[in-house]
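First the proteins, then the strands, lettered A, B, ... as listed; each starts at 1. Being a predicted model, the structure only gives us computed values, none of them experimental.
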Amino acid sequence: MEKISGRVIQIYGNLVSFLRKCIFCVLSAGSVPNHIAFIMDGNRRFAKRLNLMDGAGHKVGYSALMSMLRYCYEFGVRYVTIYAFSIDNFKRSPEEVQSLMDLMLEKIEGLIKEESIVNHYGVRVYFSGNLKLLSEPVRLAAERAMLATAKNSKAVLSICVAYTSTNEIVHAVQESCEEKWDEITVLNSSGAGYGLISLGGNGQDEGDHLIKLTDIEKHMYMAVAPDPDIIIRTSGETRLSNFLLWQSAHCYLYSPQ
Amino acid sequence: MDFKKEVRIVCGWIAYFGDLLLRLLWHLVHVIISLFYFTLGIANALESYLISWGVLKRYRSLHVNKLRYLAIVVESEEAYETSKIIALLQWLADIGVKHVCLYDMEGILKKSKDFILAKVDGAVLYGETHENNKLLDQTHMTLEFASFCDGKEAVAKAANVLFMKYVKSGATDQNQKGHIFTESQMSEALKTIGSGGPEPDLLLVYGPARCHLGFPAWRIRYTEIVHMGPLKSMKYGSLIKAIHKFTRVQQNYGK
């Protein structure tokens with residue numbers, strides 16, 4: 001009896017998979033987005049609605065995410081970005097933050113394994129955000145995962161942890177200032193600085209053009225991927241919650257219910 | 001040799017017809033989805049007429065006080081239709097919205113600023129109210145005009161302001177490296193260069209797609225973004241519905 005039901009499930013699974021591949025085939029005749037970003041929202045509401053335990057919503061959300069990633073890479077989307085953990089989420093109760101960190105650690109370790117989805121599709125993983133805010137084990141695991149997948153080149157997965165757009169912008173400005181300062185110091189010491197360091201009275205005019213937009217953009221955490229084509233927020237909320245605000249100028253925002 | 005050539009030609013034809021079939025199927029899917037959205041559009045249009053005639057009870061009372069700052073993003077091509085913009089602003093004034101920011105990428109609305117301010121009753125430029133009597137806020141609607149240069153380019157200018165402070169703080173190399181800029185310093189810098197407007201609670205997009213078209217990134221962290229369709233088919237009922245939906249939103253701000 002169990003064998004028959006197992007067989008039926010397998011046939012059903014194969015049929016669904018075949019139909020999905022057909023749909024992807026048809027859709028590929030049109031334009032395929034290069035970069036899709038996901039805001040994974042509504043896990044706690046989902047768990048509450050189904051009366052699940054605390055933390056169960058996130059586990060279900062994670063398996064839904066894995067399926068989505070598989071479909072994206074099958075479809076031929078080269079860059080996928082996910083909003084895993086915001087700096088604002090640190091405001092939650094310490095127990096909840098700890099359980100989320102534990103879940104993240106477990107899943108990052110899973111990514112490094114040979115048979116994981118990232119190695120199957122040749123995906124290079126980046127962790128974008130202020131990683132210094134994470135606990136040591138999570139940060140080290142993230143760095144290990146980035147190193148382990150560094151040779152993959154078919155697709156890119158950017159996982160935004162400890163990330164907010166405003167923090168990213170300030171960090172990029174900070175890095176640009178430090179880089180510019182280093183450049184000027186080097187120029188000055190070799191005598192070619194033309195006194196740029198002593199910007200006093202005339203400082204305003206020269207200062208206006210020292211740091212350019214391109215300098216800031218190259219120091220963004222998300223400089224590893226082009227601007228997204230679509231941002232999908234699950235749960236139907238219509239805000240971006242400090243995610244990719246800089247990169248979404250020409251991006252289609254989609255919030256299905 | 002001929003047989004291999006024949007096989008190659010047949011494969012070529014199969015690939016060609018296969019590709020044609022896929023394109024046909026794609027267009028079929030496109031037609032079905034377009035029909036779906038067309039029907040949805042008609043239903044929404046009907047609902048907006050019912051709302052403006054006051055038939056739907058739910059929308060009769062609007063807690064507009066929850067909406068402290070509203071932003072309107074318009075596609076630059078449609079921004080030339082100043083009469084539509086003025087009509088929209090008049091609707092907003094009637095609803096009771098006090099502070100509006102008008103944005104279009106190329107700055108066309110900025111160019112028609114004086115014309116718009118003259119035509120809309122009781123509108124004043126944002127920034128002027130701060131110098132004048134605060135009581136003016138009660139009866140007047142403040143209008144702010146923004147464009148792409150108030151977004152990314154303003155951040156670049158603010159970066160230069162911060163860099164000047166960084167240099168002028170005059171410390172040695174070791175001290176400079178430890179200096180960390182904060183978000184509040186960035187906000188201050190943006191204010192100094194004149195791009196430090198408040199964060200809108202709600203952003204209405206009048207254009208072909210739901211996209212904020214480069215509205216200053218620093219200001220839309222928690223802004224609800226709603227797509228209203230093209231400006232030429234704007235409806236009073238849709239405006240009421242969007243504002244009503246906004247007043248019922250609950251935000252956790254990440255908590």
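- More than 12 heavy atoms of other residues, nucleotides or ligands sit less than 6.0 Å from atom CD of A:E74.
- A distance of 11.5 Å separates CZ of B:F163 from CD of A:Q174, quoted to the nearest 0.5 Å.
- For A:I216, the part lying near chain B is the side chain, with the backbone staying farther off; criterion is any non-hydrogen pair under 4.5 Å.
- Here the straight-line distance linking atom CH2 of B:W218 with atom CG of A:L245 works out to 10.0 Å at 0.5 Å rounding.
- With a 4.5 angstrom heavy-atom cutoff, B:V249 touches chain A only via side-chain atoms.
- Here the straight-line distance linking atom CG of A:L213 with atom NZ of B:K157 works out to 11.0 Å at 0.5 Å rounding.
- Applying the 6.0 Å contact sphere to OH of B:Y80 captures no more than 12 heavy atoms from other residues, nucleotides or ligands.
- When heavy atoms are compared at a cutoff of 4.5 Å, A:C251 approaches chain B solely by way of its backbone atoms N, CA, C and O.
- By the 6.0 Å contact criterion, CZ on A:F24 is enclosed, its count of non-hydrogen atoms from other residues, nucleotides or ligands being greater than 12.
- Note: B:C211 leads B:G151, B:A158, B:P216, B:C211 in heavy-atom pairs under 4.5 Å with chain A.
- Atom CD1 in A:I211 sits 9.5 Å away from atom OH in B:Y166 (nearest 0.5 Å).
- Expressed to the nearest 0.5 Å, how far CD1 of A:I23 lies from CG of B:L25 amounts to 11.0 Å.
- Residues from residues 232-239 of chain A that place a non-hydrogen atom less than 4.5 Å from a non-hydrogen atom of chain B comprise A:T238, A:R239, given in numerical order.
- Smallest separation of non-hydrogen atoms from A:V26 and B:W26: O-CD1, 3.2 Å.
- Heavy-atom pairs under 4.5 Å with chain A were tallied for B:E153, B:R23, B:R210, B:H227; the largest tally goes to B:R210.
- Of the listed residues (B:K245, B:H30, B:H212, B:M186), the one with the most heavy-atom contacts under 4.5 Å to chain A is B:H212.
- Close approach to chain B, defined as a heavy atom under 4.5 Å from one of its heavy atoms, is seen in A:T164, A:T166, A:N167, A:I169, A:V170 of residues 161-170 of chain A, taken by number.
- Here CG of B:L213 is found 10.0 Å from OG of A:S248. Values are rounded to the nearest 0.5 Å.
- Counting non-hydrogen atoms of neighbouring residues, nucleotides and ligands closer than 6.0 angstrom, the CZ atom of A:R20 exceeds 12 such neighbours.
- In this structure, A:C177 and B:A159 approach most closely via the heavy-atom pair SG-O, 4.0 Å.
- Neither the backbone nor the side chain of A:Q247 comes within contact range of chain B, judged by heavy atoms closer than 4.5 Å.
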